[in-house]
Amino acid sequence: MLRACLRGANATARNNFGKTRLTNLQHCRHYTAGETSGGGAAKVVAAGLVTVGGGIGGTILYAKWDNKFRAAVENNVPYSDWLLGLALGPPSPKSGLPIKKQELAQPPSMMDKQTNVSKAKSEKKVKEAAESPASEMSPVPIQPAQSIEEASAEATHIISAISEVTSVPAPCDTEGAAVKEEYKDCHEHQDTSVTAAVHPDTESPTATEPLKERPVEEVAAILAQQDQEEQDIATSVSASLEESLTSSAKATLQAIGAQEAALQAITRHTLKLKEAMEAEVPPQEKSAQWKDLEAALADRTGAVNDAETALSKANEALDSLKSVIDKSKGLKVSAVRPLVLAAEENLHNMVVDLDKVVTKVHSAESEAKIVSQYSELVNEAKQQFQREVSSLTPEIQANWKGLTGKLSSDDLNALIAHAHRRIDQLNRELAEQRVREQIHIDAALEQQKLEDQKALEKAVSTALQHIKEEARLEQERKLSELREVMEAEMRTQLRRQAAAHTDHVRDVLKVQEQELRVDAEQVLSSKMLEQETRYRQLSQEQLDNFTLDMNTAYARLKGMEEAIDSHVVAEEEARKAHQLWLSVEALNYTLKTANADIPTVPLEGAAQAVRDSCHDSDFALALSSALPEESLHRGVYSEASLRARFNSLRSLARRVALIDESHNSLYQYFLSYLQAALLFEEKQEAPPAQLCSEDLDPFKLLSYASYCLEHGDLELAAKLVNQLRGEARRVVEDWLTEARLTLETRQVVSLLSAYANAVGLGTTQAP
Amino acid sequence: MSEKELGKKWDRCLADSAIKLGTGLGLGIVFSVLFFKRHTWPISFGSGVGLGMAYANCQNDLRSHYLQHRRQSVFI
């Protein structure tokens, strides 16, 4: 359309003016420029708006994410705090907290380190305070649970104090070392305590607990327990000792027997050997003798072996007995001591006997050895001689004594020569021997001396041992005897003390008994007195209560009588009031008997009834006499009828509105009728609270009255209608009187009913 | 009923005016016919008289309340 206009304009311009293209173009340009300028401007504006909006949105979002930025923006840009508050809500309370939170989040180990530090501190404190090391370990695990809260509080304090988190390797290491140290110390302590004979757990409670006196029963129980234990131990020890004693005795006896047997065997053997060596016995018996000797040797070896085994057994038994004795000694139980002592004595005796027998055996053995050496020498000489002889005379066998007949003279000569030679040799040896005799004897003596010394030493040592043992035993015996004596004496003393104690206790008890008796008697007498007084009090109370009850009952009776009387009176009153009320209601009802145009029935009867029922009330009488005569004789019209009548009256009153004393000609009547025809007023208009002079216009008044009547306000309507003047007034006069009558009657009746209600309410007794 | 009075008055008035008018008219007609050679002026005169009398009567009737009649109680 614009372009069409343009074209038209161009055409006309071209037609009209020659050089108007420029202007047209200008116009066009203006238009287009305006267009472009308009479009361009819009675009610019839109772009600007978008930019600004984007900027604001972006700042808001970023401020939401970063509170520092938000704070900065709020500080620098004037009304940004309001805008940001609107968009995001109030800012976070402190700027420091997020930093704290971040810092708290980053190094969680910091908290642990802090708790460790505080734990170490608490540990140190505990260690200083506690006495025993074992008890430290138990409270330490309990304490950290409590101290973690403290530690966390401390940690927050520390963290809040520091603005930035600094790396804390140093304290961790040192306190770790400290913790380790403490742990090591604890362990060391524990170890030392463990190394002690007593268990550390049992030690610590007894150490940490203050020493308190244990109750007597406990002590007695413990003592009894201890006695029982001792008894048990004693019996067991005695049994074991007996057993070991018997076994060792048996073994020892056996050993002794074996040793004796061995001794005998050895002596027999040596005797036999001696006999065999020295006796010149015929050859037949010689083999028998040798056989005997061998048997004896076998016996001896057997006996010796037996003796050795028996000895070893005996030694074992004795060792076991010794160990048992040592163990029982180690138990440190007094009852065991005599048994131990006896056992030791027995042991000692057995050892002594065994040693004696062993020495005997050894001596016999040594003798036997000498004899056997001698026999060996002799045998060796014999054998050598035999060899010599055999070497000289090979065909000759042993036992050269029996060979005298078989040998030849050469052999004999050789033999004699050999014999001579041998004799010479032997003589020479003998001479040598004689020469060396002394030396040999000395050597032998020396040897003997040494041996004797050794034997002596051995004997001495054994004797010493025995004597020591005996002395010790003696000492122990004496000690035990002494102990017994002491015990007996202690017992006597204790008995004496106990007797003294019992005497003292008896005296004290007597005194206490006296005191207690006196106290008890006192208490008894006081209680008796109390009971007496209480009894008297109670009886008095009872009496008082009884009289009180009687009085109350009498008063109540009186009250009840009065109440009944007042009830009767009140009922009478109530009846009267009721009657009045009923009559007033009847009167009220008669008012309702008005129909459309018929007045009510005459109120005479009802009024008479009312008058009858209110003799004593002047007010009611006055009221009942105040009823208007007309209502009494003729009755009154109902409001509805009055309303209907008014509606018909209204048009009439309108028509004669202009007529009054001065204006009452027919012409005035005509004008009045014309006015009524032409004037339109509200059918009903709400009357104002105060009537002004304008409102006294009859039309207005009638509309007000109509409104009032429609709304049931007869009184106001009557008042308004009363304001009519002139002919209109004359016209509505009758209506007004009727209305007045009705109003009067109604007022009186309402007063009477109010009065009757009041009287009725007054007479009803409140529950 | 005071409201019916006016109606009654108007009834009387109308009746009276009708009578008077009619009578006047009639007399006028009569007189016109008898005495005045059928001129119209006696008719109009008669009706006029009649109307006037009716008017006056009506007005008087309607006004009657406002005019306090002196009680003539002079009996000599």
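- Side-chain atoms of Gln59(B) never come within 3.5 Å of backbone atoms of Ser665(A) as a donor-acceptor pair (strictly under, hydrogens ignored).
- To the nearest 0.5 Å, the span separating NZ on Lys4(B) from CG on Leu652(A) amounts to 11.5 Å.
- Atom NE2 of His663(A) and atom CZ of Arg63(B) lie 11.0 Å apart (nearest 0.5 Å).
- In this structure a side-chain-to-backbone donor-acceptor pair under 3.5 Å is present from Tyr66(B) to Glu727(A).
- With a 4.5 Å cut-off on non-hydrogen atoms, Tyr667(A) touches chain B through its backbone and its side chain both.
- Crowding of Phe619(A) atom CZ: a count of heavy atoms from other residues, nucleotides or ligands under 6.0 Å exceeding 12.
- Using a 4.5 Å cut-off between heavy atoms, Arg645(A) touches chain B through its side chain atoms alone.
- Under a cut-off of 6.0 angstrom, the local environment of NZ in Lys592(A) is crowded, with over 12 non-hydrogen atoms contributed by other residues, nucleotides or ligands.
- Interface remark: Leu6(B) contributes side-chain atoms only to the contact with chain A (heavy atom separation under 4.5 Å).
- Highest contact tally toward chain B, considering only Glu733(A), Glu738(A), Arg730(A), is held by Arg730(A) [criterion: heavy-atom pairs under 4.5 Å].
- The local environment of NE2 in His65(B) is sparse, with at most 12 non-hydrogen atoms from other residues, nucleotides or ligands closer than 6.0 Å.
- Of the atoms belonging to Glu5(B), it is side-chain heavy atoms, and not backbone ones, that fall under 4.5 Å from chain A.
- Within a 6.0 Å sphere centred on OH of Tyr55(B), other residues, nucleotides and ligands contribute more than 12 heavy atoms.
- Only the side chain of Leu649(A) comes within contact range of chain B, with heavy atoms under 4.5 Å apart.
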